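Worksheet for the structure shown next.
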Amino acid sequence: MADKITPKEEDYSEWYNDIVKQAGMAEHSAVKGCMVIKPHGYAIWEKMQAELDRMFKETGHVNAYFPLFVPKSLFEAEEKNAEGFAKECAVVTHYRLKADEAHKGKLMVDPDAKLEEELVVRPTSEAIIWNTYKNWIQSYRDLPLLINQWANVVRWEMRTRLFLRTAEFLWQEGHTAHASAQEALEETRKMLDVYADFAERFLAIPVIKGVKTAHERFAGAEETYCIEAMMQDGKALQAGTSHFLGQNFAKAFNVTFANKEGKQEHVWATSWGVSTRLIGALIMAHSDNKGLVLPPKVAPIQVVIVPVYRDLGQLETITIRVKEIVGALKARGIAVKYDDRDNQRPGWKFAEYELQGVPIRLAIGLRDLENGTAELARRDEQTKENVPIEGIDIRIERLLGEMQEAIYQKALSFRESHIYHAHNWNEFEDMIANRPGFVYAHWDGTTATELEIKEKTKATIRCIPLDGADEPGTCVLTGKPSTRKVLFAKAY
RNA sequence: CGGGGCAUAGCGCAGUCCGGUAGCGCACCUGGUUUGGGACCAGGGGGUCGUAGGUUCGAAUCCUGCUGCCCCGACCA
């Protein structure tokens, strides 16, 4: 029982898989590359959704829903975007099955039910959305148009990993239209800030904001912004992207508006998204060898109370007191669960809730009732203390806040201690090969150099950090001049 | 798309080399003792061994085809 989870020092990848499975977050399905998100995993997603949705609405966005299918002719309208996704599109070609005469009880695709035009299962929704927006936008008075959708998308990946990369995944995609490039750029940056704020404040994952290189840019975008997070194995994980699409989609779908002077102009666009991949980020940023560690803000259950008793009479006595505590915690908006199941013993429950990452556990027995105390265990630091029941709701509320901050600080100091600066090629190669983490280095700005570095070291440019200061130097590979360091790492 | 692995009870596995009618741990059900870190004892239920065919008196086991999933690489959020 003690060995449910492979230690991360032994095999990081197995450790990750074990956490996902043992914490009951997701499992592989009968469909290749697709996962079943189980209740505990989905509850975490719902917490993320609720907070993001609130943040989107606070910044003026509204939700809508667009179709799963995109007619091929629409999909290919914006050429760069279409080309970028072409290799991983699922395509619907028929709309009917029929009995297979040759194999009793089996079905076959009805060759007479071939679609006149194939339907692409959306890998992203720009095409169908811009085709719709053109009917919604006539005048500058219709702008900005600020819409988000919560949806599933399909990208036919060769190699998949639960949450990190699956053929189908859940996400949100914001699609906005603006009257000027300036305004669209501001929106792009604003949503990047929303994501960074969400990642740091809510998920307790420190991120680096930056711009993608031309090579890593979203197909069809003029500029792609991103937030990059460091996982506990030192690898980078892109946690969110925000794109300035220029007028590319407006031109492809002929979306124009009359400006104040009555002249027709193409609108300026943005799109931005985060996905269930964030659940993978959450796991890899904070968890330990005992299971999931959840920052209190994302935890579906923040406090679990486990009664310790000898017989049902004692349980009843304890329950009366616990109900008061539950009431007091709920009154403070704390998500609390009282686990009075009689078919599992306390030790079993302790282990189970640690696996699931519940931030605080209270154990209460008769001994505690006599002393007016409870045993309080915090998941992140695995510490236990006896605390007075009197005022425990206040204590817990404060502790949840402290834990949120502590988890963030821990991730931050891990990241800071795994960031290096390479001054020459030997140093760079050595760091990438032998030190898990991020490496800042000068780059000459060309895709050729970027690809050569990737070829040689497997490291890619995660981003050109926004907060980096200009600092003239020479490219770590070619020695050509560079104005600023960029961020290299091996990535998920 | 290449290379490897796996498919036997809800889960994890043994049995396959050497054919004889299926077993272990966990979970589940019943009863009892237990309960402050994954309890114990006794009894019990559950499997057309991925699928189709072949060899054989007899196939989880040998042969052939098929399917699915996982892992490692190339490609990607």
Side-chain angles (χ1 to χ4, degrees), chain A residues 1-5 11 13-14 17-18 21-22 24 27-35 84-89 103-104 106 123-124 153-173 195 212 215-219 221 224 226-229 236-243 271-281 290-291 306-315 318 340-355 361-369 371 373-377 382 384 386 454-455 458 460 462 491-492:
Chain A
M1 285 299 172
D3 304 309
K4 276 190 168 175
I5 295 176
D11 186 337
S13 172
E14 268 307 299
N17 289 335
D18 287 347
K21 277 180 213 141
Q22 301 299 338
E27 62 187 41
H28 292 285
S29 68
V31 192
K32 185 181 171 65
C34 294
M35 66 178 161
F85 283 108
K87 299 183 303 296
E88 44 192 341
C89 285
H103 303 91
K104 202 171 178 325
K106 304 287 185 197
T124 179
V153 287
V154 170
R155 295 181 187 176
W156 214 261
E157 300 288 350
M158 289 289 119
R159 192 138 136 51
T160 59
R161 294 198 62 190
L162 294 171
F163 290 118
L164 298 175
R165 182 170 296 105
T166 46
E168 179 194 18
F169 57 94
L170 305 182
W171 76 346
Q172 58 68 217
E173 45 182 326
Y195 286 155
K212 285 294 188 190
H215 179 251
E216 298 268 337
R217 189 180 294 152
F218 176 71
T224 288
C226 63
I227 50 174
E228 295 286 329
L237 185 136
Q238 180 177 300
T241 51
S242 183
H243 314 291
S271 70
W272 26 274
V274 297
S275 72
T276 37
R277 187 178 222 212
L278 286 177
I279 297 173
K290 287 203 153 177
V306 177
V308 182
Y309 56 93
R310 286 177 192 282
D311 55 59
L312 292 177
Q314 291 190 357
L315 175 59
I318 294 165
D340 61 352
R341 285 177 301 171
D342 189 42
N343 60 344
Q344 297 297 357
R345 297 163 80 255
W348 190 92
K349 293 177 184 175
F350 294 173
E352 191 65 15
Y353 290 111
E354 274 164 11
L355 212 44
R361 180 188 76 230
L362 293 180
I364 299 180
L366 279 195
R367 207 158 73 204
D368 295 298
L369 291 191
N371 301 335
T373 59
E375 182 192 78
L376 185 157
Q382 297 185 52
K384 289 194 285 200
N386 288 305
K454 183 182 179 185
E455 172 77 19
K458 302 251 189 228
T460 51
R462 301 322 306 151
Y492 276 98

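In this text the structure is predicted, and so the values were computed from the model without any measurement. Values below: every heavy atom of this structure, side chains too, minus hydrogens, waters and symmetry copies.
Atom-to-atom, CZ of A:Arg367 to P of B:rU35 comes out at 12 Å; the value is rounded to the nearest Å. Remark: P of B:rA27 and CG of A:Asn343 are 11 Å apart, rounded to the nearest angstrom. Remark: P of B:rU33 and CG of A:Leu312 are 12 Å apart, rounded to the nearest angstrom.
Look at A:Arg345 and you won't find any side-chain N or O under 4.0 angstrom from OP1 or OP2 of B:rC40. For B:rU35, one of the phosphate oxygens OP1 or OP2 lies less than 4.0 angstrom from a side-chain nitrogen or oxygen of A:Arg310.
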Collect all protein-nucleotide pairs involving nucleotides 7-12 of chain B in which both atoms are nitrogen or oxygen and the distance is under 3.5 Å.
none

Please write out each protein N/O paired with an N/O of nucleotides 68-75 of chain B under 3.5 Å, distance rounded to 0.1 Å.
from, atom 1, to, atom 2, distance (Å)
B:rC69, OP1, A:Lys32, N, 2.4
B:rC70, OP1, A:His28, ND1, 3.0
B:rC72, OP2, A:Arg159, NH1, 2.5
B:rC72, OP2, A:Arg159, NH2, 2.8
B:rC72, O5', A:Arg159, NH2, 3.4
B:rG73, OP2, A:Arg159, NH2, 2.9
B:rA74, OP1, A:Lys458, NZ, 2.5

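Pairing for B:rG73 goes to B:rC1, judged as Watson-Crick or G-U wobble with the two contacts each under 3.5 Å. Remark: B:rA59 base-pairs with no nucleotide in the shown strands. Criterion, Watson-Crick or G-U wobble with two distances under 3.5 Å. Nucleotide B:rG37 has no partner under the Watson-Crick or G-U criteria, as no pair reaches both atom distances under 3.5 Å. Pair assignment for B:rC11: B:rG25, on the basis of Watson-Crick or G-U wobble contacts that are both within less than 3.5 Å. Pairing of B:rU30, defined by two Watson-Crick or G-U wobble distances under 3.5 Å, is identified with B:rA42. Checking B:rG65 for Watson-Crick or G-U wobble geometry (two distances, each under 3.5 Å) identifies B:rU51 as its partner.
Atom CD in A:Glu157 sits 10.0 Å away from atom NZ in A:Lys87 (nearest 0.5 Å). One finds the CD1 atom of A:Ile364 at 8.0 Å from the CD1 atom of A:Ile318 (value rounded to the nearest 0.5 Å). How far CG of A:Leu366 is from CD of A:Gln314: 4.0 Å, rounded to the nearest 0.5 Å.
Here, B:rG44 and B:rA7 have their C1' atoms 29 Å apart, quoted to the whole Å. Spacing between B:rG68 and B:rG36 at atom C1', rounded to whole Å, works out to 47 Å. If you take atom P in B:rU34 and the same atom in B:rG15, they sit 41 Å apart, rounded to whole Å. On the C1' atoms, B:rG50 is 16 Å away from B:rU61, given to the nearest whole Å. A gap of 14 Å separates the P atoms of B:rA59 and B:rC17, to the nearest Å.
Relative to the six-membered ring of A:Phe163, A:Arg277 misses at least one condition, a distance below 6.0 Å or an angle of at most 45° to the axis.
Judged by distance alone, with hydrogens and angles left aside, the side-chain atoms of A:Tyr195 form no donor-acceptor pair with the main-chain N or O of A:Cys226 at under 3.5 Å. Between the side chain of A:Asn371 and the main chain of A:Thr373, no donor-acceptor pair closer than 3.5 Å is present. Listed for the A:Lys349 side chain is a donor-acceptor partner under 3.5 Å among the backbone atoms of A:Arg341.
Base engagement by A:Leu355 is indicated by at least one non-hydrogen atom pair under 4.0 Å involving a base atom.
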Please step through side chain to side chain donor-acceptor pair (under 3.5 Å) for the pair A:Asp342 and A:Tyr309, ending with a clear verdict.
CA-CA 10 Å; A:Asp342 189 42; A:Tyr309 56 93; 2.5 Å; yes

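Under 3.5 Å, the side chain of A:Gln344 and the base of B:rG38 form no donor-acceptor pair of N or O atoms.
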